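Presented below is the structure to which this report refers.
The structure presented is a predicted model; accordingly, all values stated were derived computationally and were not measured. Letters go in sequence order (proteins before strands), and every chain restarts at 1.
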There are 2 protein chains.
Amino acid sequence: MKITLEDIIQSIYLLPEQVLKEVLGHFQHLEYPKNYFLLKAGKPCKHLWFMTKGAVRYFYINDQGKEKNTWFSLDTQIIADTSSFVKQEPSEESIQLVEDSEMYSIEHAALQSLLQKHHSFAIWYIKLVELHYVSQIEDRVADLQFLDAKQRYQKLLNQYPDITNRVSLGNIASYLNITQETLSRIRAGKL
Amino acid sequence: MKITLEDIIQSIYLLPEQVLKEVLGHFQHLEYPKNYFLLKAGKPCKHLWFMTKGAVRYFYINDQGKEKNTWFSLDTQIIADTSSFVKQEPSEESIQLVEDSEMYSIEHAALQSLLQKHHSFAIWYIKLVELHYVSQIEDRVADLQFLDAKQRYQKLLNQYPDITNRVSLGNIASYLNITQETLSRIRAGKL
DNA sequence: ATCATTTTTTGATATACATCAAAAGTATTC
DNA sequence: GAATACTTTTGATGTATATCAAAAAATGAT
């Protein structure tokens with residue numbers, strides 16, 4: 001039983017039939033291969049994506065020119081560089097697929113006009129932002145502040161039990177903010 | 001020239017005269033002394049506060065029973081435990097004044113009914129959430145991931161040049177996620 | 001299957017920051 | 001203004017994790 005775009009939208013907040021129809025009309029169905037860039041740093045994030053299958057990583061390039069992952073989204077997730085999306089300013093991070101993925105996208109401009117047009121859609125978007133952007137990222141801050149590398153790894157495994165088969169050790173280490181050597185040692189139970 | 005509540009509200013998104021009036025009617029003006037708790041961990045965050053003067057810290061209690069600051073807001077800022085506020089679930093953090101402060105508050109229930117009642121207010125709230133919650137916290141994640149203690153301290157000083165006179169070294173160190181000894185050494189230029 | 005490339009593991013050493021202990025400095029109260 | 005409590009600084013030592021180097025294992029291409 002596959003998750004439809006309609007399911008995702010309605011699970012956030014129930015929209016009136018008419019509005020839902022109109023909203024659905026603004027989404028585009030997409031399939032991209034592994035390694036494809038949804039967003040490259042420097043460009044404004046013009047879309048909001050609803051992934052139905054696949055995996056992505058978010059990353060920055062730091063001062064020393066090294067990539068640093070900030071986030072993973074696997075399977076059914078909403079994807080965007082929130083900060084760039086809401087301000088329509090150049091993004092500081094890139095978003096790249098780490099698996100062949102399927103998703104639906106809506107453009108920023110279309111979203112804005114729907115927000116102005118339909119009060120119910122504005123309420124829907126408030127729920128989306130509150131639950132998806134805010135809660136997720138607050139968790140992340142708490143993790144970074146309070147958990148050490150090993151605890152953060154265990155929490156990630158808890159959230160995505162199959163992540164080790166889907167994302168490389170180097171990419172996971174980068175997200176955990178540790179080196180891949182350290183993650184390798186944690187896995188081996190040596191730390 | 002003092003900043004009024006109306007200024008703050010209108011700077012987020014211009015509301016129609018009538019709606020603005022109604023919205024203003026739901027805010028309460030408050031003055032609290034240093035050390036007062038706006039929110040205690042375990043209680044749901046029932047208010048959104050618009051501070052016009054003063055300073056607050058947000059903090060958790062960690063596993064070892066030690067307080068850990070997660071955030072400061074000084075002067076004109078919007079205050080809430082966002083995560084608890086949006087879900088109306090028990091808060092994991094506390095919010096305490098570190099100076100005598102002045103602010104305006106609106107209750108969660110009042111906000112909800114205004115959101116349902118006025119499309120324009122829903123748009124206003126979207127702007128608020130996007131710009132205040134999301135952007136601030138994304139910066140914070142980037143800081144935690146990419147900057148070392150010294151860089152984070154310099155950035156904080158940049159944002160709040162007078163913070164050293166207003167917030168204790170221990171509180172700042174806690175926010176920076178380092179010990180006060182380390183911060184003391186950074187200040188002394190020994191690190 | 002073989003070779004080339006990428007990913008993961010292992011080992012030795014270095015470093016940033018924590019921890020513990022105590023002294024010095026600054027506020028607060030009577 | 002002395003006494004008391006809080007805050008900040010200094011010193012010595014310990015620990016988690018980084019860095020560098022290289023081997024081993026896994027993956028992909030011909």
Shortest non-hydrogen pair, A:Ser73 vs A:Gln77, comes out as CB-CB, 3.8 Å
Using the C1' atoms of the five pairs at each end, what is the angle between the end axes of the helix from C:dA1-D:dT30 to C:dC30-D:dG1, to 10°?
50°
For the side chain of A:Ser184, starting at C-beta, report the closest nucleotide among D:dT10, C:dC17, C:dT8.
C:dT8
Rounded to whole Å, please give me the gap between NZ in B:Lys150 and P in C:dT15.
15 Å
Minimum heavy-atom separation for A:Leu39 to A:Lys43, with atom names?
CD1-O, 3.6 Å
Using the six-membered ring wherever Trp is involved, compare the ring planes of A:His29 and A:Tyr104 and label them parallel, tilted or perpendicular (cut-offs 30° and 60°).
tilted
Nearest-angstrom distance from the residue atom CZ of A:Arg187 to C1' of C:dT10
15 Å
Mind running a 4.0 Å heavy-atom check of residues 163-170 of chain A against DNA chain C and sending the residues that fall below it, in number order?
A:Ser168, A:Leu169, A:Gly170
Here the distance between atom C1' of D:dT19 and atom CD1 of A:Ile178, to the nearest Å, is 14 Å
Side-chain contact, heavy-atom cut-off 4.5 Å: B:Ile106 with B:His47?
no
Just checking, any donor-acceptor pair under 3.5 angstrom between side chains of B:Thr4 and B:Asp7?
yes
For A:Ile172 and C:dT7, what is the distance between atoms CD1 and C1' respectively, to the nearest whole Å?
12 Å
Given C:dT19, D:dT19, D:dT9, identify the nucleotide with an atom nearest to the side chain of B:Arg185.
C:dT19
Do B:Ser94 and B:Tyr58 pass the side chain to side chain contact (heavy atoms under 4.5 Å, CB included) test, and can you show the C-alpha distance, the side-chain angles, and the key distance before you say yes or no?
CA-CA 6 Å; B:Ser94 299; B:Tyr58 293 56; over 6 Å; no
Does the pair B:Glu6/B:Lys21 count as a salt bridge with the N-to-O cut at 4.0 Å?
no
Dump every N/O contact between nucleotides 21-27 of chain C and the protein below 3.5 Å, one line per pair.
none

Tell me whether A:Lys117 is salt-bridged to A:Glu22, with the criterion being a basic N under 4.0 Å from an acidic carboxylate O.
yes
Contact class for A:Asn177 vs. all strands (heavy atom < 4.0 Å): base, sugar-phosphate, or nothing?
sugar-phosphate
Decide side chain to side chain contact (heavy atoms under 4.5 Å, CB included) for A:Glu107 and A:His26; before the verdict, give the C-alpha distance in whole Å, the side-chain angles of both, and the deciding distance to 0.1 Å.
CA-CA 8 Å; A:Glu107 288 195 17; A:His26 285 277; over 6 Å; no
DNA chain D: A:Ile186 or B:Ala188, which has the more 5' nearest nucleotide?
B:Ala188
Length of the line joining A:Gln151:CD and D:dT17:C1', which is rounded to integer Å:
15 Å
Find out whether B:Glu92 and B:Thr70 are in side-chain contact, i.e. whether some heavy atom of one side chain is under 4.5 Å from a heavy atom of the other.
no
Whole-Å distance between D:dT10 P and B:Leu183 CG?
12 Å
Ring centres of A:Phe72 and A:Tyr160 under 6.0 Å apart?
no
Length of the line joining A:Lys190:NZ and C:dA12:P, which is rounded to integer Å:
12 Å
Does some side-chain heavy atom of B:Met103 sit less than 4.5 Å from a side-chain heavy atom of B:Phe50?
no
Atom pair distance, as rounded to whole Å: CD in B:Gln180 and P in C:dT19
11 Å
N/O (side chain, A:Thr179) to phosphate O (OP1/OP2, D:dT17) under 4.0 Å
no
